[in-house]
Amino acid sequence: MKNNLIAPKADIVNSRQIALAGACLLPAARLLEAPSILAKYAAGDLLLPAILHFLLQGGLLFALLFACSRSEKTLFERLEIQFGKWSALVYIALSVYYLFSAILPLFDLEKFTYAVFFDTAPTSFSFLFFFLFSAFMCVKGLKTLSRTADICLFLYLIPFILLLAMGCFATDFTRLLPLFGNEFGDTMYAMKYSTPHFSDALLLLPLLGNLRYKKGDTVKILAGYSAGALGSLFFFATFFSIFSSIAPREHYAFAKIAQYFPALDIVGRFDLLFVYMLTIVLFYYTAMPLQFTTNLFCQAIGTRRTVLVSTTLNGGLLVFLLFCNKFYNTVYTVISGKLSFLFWVCAGVFTLLFSLLPDLKKKEKKNA
């Protein structure tokens with residue numbers, strides 16, 4: 001069985017690209033709704049549930065990296081060696097998970113796009129251009145996906161730093177005090193409700209699954225992820241320090257964090273240029289789980305018709321958004337509230353599965 005996700009030798013994923021994905025691609029998902037959600041339930045303690053999320057995801061990521069280090073073969077190669085044709089069931093399960101995990105980012109991106117890019121009420125099909133972009137990305141292999149991280153280094157880092165710098169002119173970090181001033185139960189609920197925005201380890205799994213591990217990769221990838229986590233924490237702190245009690249009502253945080261910068265009154269909203277740059281990163285991030293879904297599903301059923309699968313997937317999601325748009329709050333409540341445990345169950349199950357794959361280094365040495 002030939003895996004569509006397993007890249008040729010010339011296209012194999014390297015640790016630098018995974019580290020950049022952790023530092024500059026995954027954090028984009030936390031710049032829209034996560035700050036307002038954390039502020040709504042945890043108030044000034046919003047950093048605490050975020051820190052717990054990052055520690056747990058960092059632990060899962062370390063476990064996956066440890067699994068990578070146990071063989072010169074990739075995780076997906078070892079999966080197919082161990083389970084043979086039954087590995088298709090794992091690919092199907094992963095594809096379903098990634099499809100499920102893409103629902104809220106799609107809703108968030110749609111609402112954000114309508115709010116920022118349109119001065120008047122948009123038409124029902126205004127969000128079609130994203131699905132055209134997504135359909136194109138879904139037919140591309142791992143080479144395109146891994147290079148996305150290189151592109152996002154500049155598209156994310158420059159506007160992120162500049163928006164934070166402009167936002168700091170209106171900050172009052174004393175608004176985060178007193179520490180632990182919120183009830184612990186509310187803080188834990190904030191962690192539960194924000195879970196879909198912090199499912200980082202499994203989003204990196206297809207990249208890790210095609211990594212030929214080398215000495216030092218664990219440190220490099222964890223350093224990249226830690227840099228993204230620290231940047232997110234500083235963003236959350238700056239956001240709450242600006243908006244304080246009204247923070248729960250301030251959606252699409254990164255589009256508003258610089259609005260009190262004094263120079264904007266003189267030269268206009270040039271901060272929107274940086275917002276647009278970050279929006280491109282959001283497009284890549286939102287299309288990423290759909291690309292995983294397409295490739296994993298094609299691998300599971302043994303087809304190369306990625307164009308057909310991509311068209312069906314993105315067309316179906318477009319119809320889903322059109323019909324479920326008016327139920328946005330209900331969908332959000334169900335997934336973030338009642339179904340949030342699925343993110344942790346899947347993270348635990350898949351991490352355990354790949355961590356328990358046999359250590360092939362001893363066999364490889366014996367056969368050498």
Side-chain angles (χ1 to χ4, degrees), residues 22-24 26-58 108 112 116 156-195 197-198 200 222-267 269-275 277-279 281-282:
C24 301
L26 298 186
R30 297 185 282 269
L31 301 184
L32 286 177
E33 291 294 341
S36 59
I37 290 173
L38 291 172
K40 179 179 180 180
Y41 297 106
D45 285 340
L46 81 167
L47 293 183
L48 178 58
I51 290 172
L52 292 176
H53 273 306
F54 288 131
L55 290 175
L56 288 170
Q57 291 297 324
D108 287 341
F112 166 75
V116 173
Y156 176 83
L157 198 59
I158 295 174
F160 180 76
I161 292 174
L162 292 176
L163 286 174
L164 274 178
M166 289 188 284
C168 285
F169 281 82
T171 56
D172 181 2
F173 288 104
T174 61
R175 292 171 177 169
L176 292 166
L177 301 175
L179 296 175
F180 309 109
N182 200 40
E183 292 187 8
F184 184 75
D186 293 338
T187 300
M188 290 299 98
Y189 189 79
M191 182 179 179
K192 171 189 173 183
Y193 204 83
S194 61
T195 293
H197 302 281
F198 293 86
D200 299 333
L222 287 179
Y225 181 74
S226 299
L230 290 174
S232 297
L233 290 173
F234 187 70
F235 181 86
F236 296 155
T238 303
F239 171 77
F240 192 83
S241 298
I242 294 173
F243 297 106
S244 187
S245 60
I246 66 171
R249 301 196 301 269
E250 296 297 325
H251 305 284
Y252 322 128
F254 77 92
K256 299 180 179 181
I257 197 169
Q259 64 184 2
Y260 299 117
F261 184 55
L264 298 184
D265 294 331
I266 302 173
V267 298
R269 292 293 305 274
F270 65 87
D271 63 307
L272 291 178
L273 173 63
F274 308 131
V275 172
M277 292 173 67
L278 285 176
T279 302
V281 181
L282 277 174

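None of these values were measured; they are calculated from a predicted model. Counting begins at 1 with the first residue of the sequence.
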Original post:
How many angstroms lie between atom CG of Leu264 and atom CG of Leu272, to the nearest 0.5 angstrom?
Top reply: 8.5 Å
Original post:
Taking C-beta and beyond as the side chain, do Leu38 and Pro49 meet within less than 4.5 Å on heavy atoms?
Top reply: yes
Original post:
Between the side chain of His53 and the main-chain N/O of Met191, is any donor-acceptor distance below 3.5 Å?
Top reply: yes
**OP:** Let me see the working for Leu52 and Met188 under side-chain contact (heavy atoms from CB on, under 4.5 Å), right down to the final yes or no.
**Re:** CA-CA 10 Å; Leu52 292 176; Met188 290 299 98; 3.4 Å; yes
Original post:
So, the side chain of Asn182 versus the backbone of Asp45: is there a donor-acceptor pair under 3.5 Å, distance only?
Top reply: no
Would you mind writing out the side-chain donor-acceptor pairs for residues 234-248 within the sub-3.5 Å range, not counting sequence neighbours?
{"from": "Thr238", "atom 1": "OG1", "to": "Phe234", "atom 2": "O", "distance (Å)": "2.8"}
{"from": "Ser241", "atom 1": "OG", "to": "Ala237", "atom 2": "O", "distance (Å)": "2.6"}

Original post:
Which is it for Leu31 and Phe112 under the side-chain contact (heavy atoms from CB on, under 4.5 Å) test, yes or no, and what are the steps along the way?
Top reply: CA-CA 11 Å; Leu31 301 184; Phe112 166 75; over 6 Å; no
Which atom pairs, donor and acceptor, lie under 3.5 Å between side-chain atoms of residues 156-165 and protein residues at least two apart or in another chain?
none

**OP:** Could you check if a side-chain atom of Met166 sits within less than 4.5 angstrom of a side-chain atom of Phe270, using non-hydrogen atoms only?
**Re:** yes
Original post:
More than 12 foreign heavy atoms under 6.0 Å from CZ of Phe173: is that the case here?
Top reply: yes
Subject >> Reported OG-to-CG distance for the pair Ser232 and Leu47, which is rounded to 0.5 angstrom >> reply: 11.0 Å
Subject >> Spacing of CG belonging to Asp200 relative to CG belonging to Leu26, to within rounding of 0.5 Å >> reply: 5.0 Å
Original post:
What is the minimum heavy-atom distance between Gly58 and Leu222, and which atoms define it?
Top reply: O-CD2, 4.2 Å
Subject >> All pairs passing side chain to side chain donor-acceptor pair (under 3.5 Å) where residues 166-180 contributes a residue, at least two apart >> reply: Asp172-Thr174
Original post:
Atom CG in Leu273, atom CG in Asp271: separation rounded to 0.5 Å?
Top reply: 9.0 Å
Subject >> Residue pair Asp108 / His197, side-chain heavy-atom distance below 4.5 Å >> reply: yes
**OP:** State the CZ-CD1 distance between Arg30 and Ile37, to the nearest 0.5 angstrom.
**Re:** 13.0 Å
Original post:
Between Phe54 and Phe198, is the ring centre distance below 6.0 Å?
Top reply: yes
**OP:** Using the six-membered ring wherever Trp is involved, compare the ring planes of Tyr193 and Tyr41 and label them parallel, tilted or perpendicular (cut-offs 30° and 60°).
**Re:** tilted
Subject >> Inter-residue atom distance Thr187.OG1 - Phe180.CZ, 0.5 Å rounding >> reply: 9.0 Å
